[in-house]
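Hydrogens, waters and symmetry mates are skipped; everything else that's a heavy atom, side chains included, is used.
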Amino acid sequence: MRKSVLTRYRAMAYVTAVMLLVLCACMVFKYGFGIGKDLTLVVAQVHGVLYIIYLIFAFDLGSKARWPFGKLLWVLISGTIPTAAFFVERKVVREVQPLLVKTAPEPVEV
């Protein structure tokens, strides 16, 4: 497995988690104080698109790491639970880093 697969997953995990927290804050303002209806709609749509990208990258990582279905499902769902993606991402990185292939440049024969 290449390091870029893990890097893409990590980036999208953080972006998705932050956008979910922003969405939660927007929801509090929308339903608690009656302001920010339009902003909430935009943030919800952006989070939805980013979550789909997160699903693709997490599924790619899970299939290359040969995770069982339950673990893959938990990683995929963690993007819908506020702050869960931060903790799941750290655990995934610790488990996947030993699987990364260290590609050393091939010696050139002269």
Do [X] and [Y] land in one hydrophobic cluster if side-chain heavy atoms of ILVMFWY residues count as linked below 4.5 Å?
{"X": "Y51", "Y": "V46", "result": "yes"}
{"X": "F87", "Y": "I81", "result": "no"}
{"X": "V49", "Y": "F59", "result": "yes"}
{"X": "L73", "Y": "V88", "result": "yes"}
{"X": "M27", "Y": "V42", "result": "yes"}

Give me the atom names and distance for the closest heavy-atom approach of [X] to [Y].
{"X": "R90", "Y": "Y14", "answer": "CD-OH, 4.0 Å"}
{"X": "L50", "Y": "M12", "answer": "O-CE, 3.3 Å"}
{"X": "A58", "Y": "W67", "answer": "O-CZ3, 4.3 Å"}
{"X": "Y54", "Y": "V75", "answer": "OH-O, 2.7 Å"}
{"X": "L20", "Y": "P82", "answer": "CD2-N, 3.4 Å"}

Query raised in the report: Above 12 or not: heavy atoms from other molecules or residues under 6.0 Å from OH of Y31?
Result: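 Incorrect, the count does not exceed 12.
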Query raised in the report: What do you reckon, is CZ of F29 surrounded by more than 12 foreign heavy atoms closer than 6.0 Å?
Result: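 Counting neighbours around CZ of F29, 12 or fewer heavy atoms of other residues, nucleotides or ligands fall under 6.0 Å, so no.
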Gap separating the [atom1] atom of [X] from the [atom2] atom of [Y], nearest 0.5 angstrom:
{"X": "I53", "Y": "F57", "atom1": "CD1", "atom2": "CZ", "result": "6.5 Å"}
{"X": "T40", "Y": "I35", "atom1": "OG1", "atom2": "CD1", "result": "9.0 Å"}
{"X": "L21", "Y": "M19", "atom1": "CG", "atom2": "CE", "result": "10.0 Å"}
{"X": "L23", "Y": "Q45", "atom1": "CG", "atom2": "CD", "result": "11.0 Å"}
{"X": "R8", "Y": "K3", "atom1": "CZ", "atom2": "NZ", "result": "14.0 Å"}
{"X": "I52", "Y": "I56", "atom1": "CD1", "atom2": "CD1", "result": "7.5 Å"}

Query raised in the report: Can you check whether A13's main-chain N or O pairs, donor with acceptor, with T16's side chain at less than 3.5 Å?
Result: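 Side chain of T16 to backbone of A13, a donor-acceptor pair under 3.5 Å: no, none is there.
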Query - Trace of the side chain to side chain donor-acceptor pair (under 3.5 Å) decision for Y9 with S4 - result: CA-CA 8 Å; Y9 164 75; S4 63; over 6 Å; no
Requested in this report: Give the C-alpha distance, both sets of side-chain angles, the deciding distance and a yes or no for side-chain contact (heavy atoms from CB on, under 4.5 Å) between V92 and W74.
Outcome: CA-CA 11 Å; V92 165; W74 171 241; over 6 Å; no
